[in-house]
Number of protein chains: 2
Amino acid sequence: MRDVARLAGVSISTVSAVVNGNVFVSPERKASVQRAMAALDYHPDAIARSLKTGKSNVIGIIVPDITNAFYPELVRGAEDAATKAGYSVLLCDSSENCKNEESHINVLFSRRVDGILIACCINSRAHESLAQRRFPLVYMDRIPSAGAGCSISTDNVQAGYVATKHLIDLDHQRIGIVAGYLGLSPHHDRLEGFRNAMQEFHLPILDEYLISGGIQVADGTNAGQALLSLQVPPTAILASNGNLLLGVVQAIAERRLKMPDHLSVLGFDDYLWHRFFHPALTAVAQPTHEMGRRAFELLKQMIESEPGQEVQEKHIRLPAELRVRNSTGPVPQREFRRVLKKTRQPVAANEK
Amino acid sequence: MRDVARLAGVSISTVSAVVNGNVFVSPERKASVQRAMAALDYHPDAIARSLKTGKSNVIGIIVPDITNAFYPELVRGAEDAATKAGYSVLLCDSSENCKNEESHINVLFSRRVDGILIACCINSRAHESLAQRRFPLVYMDRIPSAGAGCSISTDNVQAGYVATKHLIDLDHQRIGIVAGYLGLSPHHDRLEGFRNAMQEFHLPILDEYLISGGIQVADGTNAGQALLSLQVPPTAILASNGNLLLGVVQAIAERRLKMPDHLSVLGFDDYLWHRFFHPALTAVAQPTHEMGRRAFELLKQMIESEPGQEVQEKHIRLPAELRVRNSTGPVPQREFRRVLKKTRQPVAANEK
DNA sequence: CTGTTAGCGCTTTCAC
DNA sequence: GTGAAAGCGCTAACAG
């Protein structure tokens, strides 16, 4: 910068003025400065600027696992918005591990990020170190119950309701749910939506139809197998995320059962490949990209708010969208049911 | 830091010494400094440090589209390694657009990243601004032909060979390939591997069996439809990436054809869901996570090499791994072929 | 071993 | 409108 100033025959502050463009500089000087910058291949040093201004224009994003297809979409939404607003993104992956999450938070702190977007990991203690300090922070997707502060997620209660309602509309009554890990708000909320719908239509929620615990494919397979082994198996299964859905589909395939003839299946999260399965999988789609975008926008507000008028606690809930495809259908007729149960049954006269 | 020093009753440089741990400090002083740091909730300012040392300990990663399942894995590998080595990652998404890529490079430059890992976009001009400056840079996956400098990718020629060989071993002779965009090194190389294998076994490479152009799902569907509409369609199809594979599978489903009975299909890139398709999809897996990790390690070497002994140009090629599942099988027998062609044929006596 | 000091490259008053 | 100068928080000589 000094060199640029010297080459252009002006002072350092003039160079600064043309770089930032906030102070008026006479056109001819401006031009000569720009020529000098080009000649020297000058790139303003954002680090020095940050040191001076106390603002880095960098935000941190922490996700539990970027290889889980939900997060790339979310990150993309946030990153697009951030880039547009002149912010850069430090990406951190916590591997679903609190210790990592905590150390990432400390690193982000040290790097003086202006704010943090976080999809926290199970048992996260992020709020302890962050929310308490009134540090700009937005929770995405997974909202810790303890944590104060701003958050954004799909309205998972509604999502759970919509999914269940779809099945109920198809006349299903025995609906199983592979509910995931209930310590995580999305799964907890989806189950609540499921309960709401079932109760609204006076359908019983059987203990053995509700399986919770893990959130991986294998957990879905196990849960699916358990559900299908029941004396009276459900006629429809709801899977609380994309991996569990894959697992359930696997369990069904292992038994050579067909969707939706033998039973209906649907899941939360709609990924590209869902529509290429056979049958194409019905799913509840989240507005993931939008969630990322709005998460950033909320964070930006918090960052740029004047000390006096902070954004008050804000919890955005976005609507989910049911995408009906071919893995859900009417309740299986008698003959299919028999196949499903793998038990002989007396032929009932007037089965609905 | 000044406050910490004051509280601990030592000088600033002593605080710096205990923070960095490179100079010996007497235990009691060290303890009192640490107490003061804790009391003041002191986090060393990485920005100021960077300004002083001229090293940011941040790298940039640029990918064309983080929502393409290949990249999260790659980024994860790099990020894991970077975190372990004390580096942070600025993630940039170019949206497969050169203008974005260029502006990201400029931002990363301004932020004084120590190096850049890039999976460049189509028609990238990244090398113009970067490689020429001898700036630490590693190309990942997509290697520009013009670009000098270090690179890492799967050995895609070998990958193409292995995939084709698998089909040839199954006695396929009429093999179609949905080759993707040949301006991108992975696709170009896979096609080369395909050619090598075909030539080695004296199999003809028919123009109408080779379809190139796009790399999206729709391109795969179109290509698949074209291939299946041929008078004499191929008995096996190779898809050059995960999206094209999805598209091909779709085209096959539209015709109510079954894999591998009617024709065999396999693709490059092996994603989680491939094994949950029916039949489970044969695929050539890339060591994506490892690629990311080693890309970072290579970059780190470049960053930390002494001005005298720079790392010379290095091109790492990692082996791909064929994962045989159920979408590939023997050449269809006569009756299937007839279904495939949708044309009547005289019954040949001794068809193999 | 510890303290003093001079900047890293920039922004930002404040005189001119 | 433009330049001089102070200082953001830290590190690394260097002197003690």
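Protein chains get the first letters and strands the later ones, always in sequence-line order, with residue 1 at the start of each.
Residue pairs satisfying the salt bridge (Lys or Arg N to Asp or Glu O under 4.0 Å) criterion with at least one member in residues 10-24 of chain A, sequence neighbours excluded, are absent.
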Scoring nucleotides 9-16 of chain D by protein non-hydrogen atoms under 4.0 Å (B base, S sugar-phosphate only, - none) yields BBBB----

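Following rounding to the nearest Å, A/Arg6 (CZ) and D/dT2 (P) show an atom-to-atom distance of 20 Å.
For the helix from C/dC1-D/dG16 to C/dC16-D/dG1, the angle separating the two terminal helix axes comes to 40°, with each axis derived from five pairs and the value rounded to 10°.
Other residues, nucleotides and ligands contribute over 12 non-hydrogen atoms within 6.0 Å of the NZ atom of B/Lys55.
Qualifying side chain to side chain contact (heavy atoms under 4.5 Å, CB included) partners for B/Glu290, counting only residues two or more places apart in sequence or in other chains: B/Pro287, B/Arg293, B/Arg294, B/Leu318. For B/Ala48, the side chain to side chain contact (heavy atoms under 4.5 Å, CB included) partners are A/Leu51, B/Asp45, not counting sequence neighbours. Checked against side-chain hydrogen bond (donor to acceptor under 3.5 Å, both in side chains), A/Glu79 has the following partners two or more places apart in sequence or in another chain: A/Thr83. Scored by the side chain to side chain contact (heavy atoms under 4.5 Å, CB included) test, A/Arg317 finds A/Ile143, A/Ser151, A/Ser153, A/Asp155, A/His315 as partners (sequence neighbours excluded). When the salt bridge (charged side-chain N to carboxylate O under 4.0 Å, His left out) test is applied to A/Asp141, no partner is found at least two apart in sequence or on another chain. Remark: B/Phe70 pairs with no residue by the ring-ring contact (aromatic ring centres under 6.0 Å, His included) rule, at least two apart or across chains. Taking the ring-ring contact (aromatic ring centres under 6.0 Å, His included) definition, one finds that A/Phe109 meets it with A/Phe135, B/His43, sequence neighbours left out. Taking B/Pro64 as the reference, B/Tyr71, B/Ser94, B/Glu96, B/Ala119, B/Arg142 meet the side chain to side chain contact (heavy atoms under 4.5 Å, CB included) condition, with sequence neighbours excluded.
On the nucleic acid side, DNA chain C has its first and last nucleotide under 4.0 Å of a heavy atom of chain A at C/dG9 to C/dT12, going 5' to 3'.
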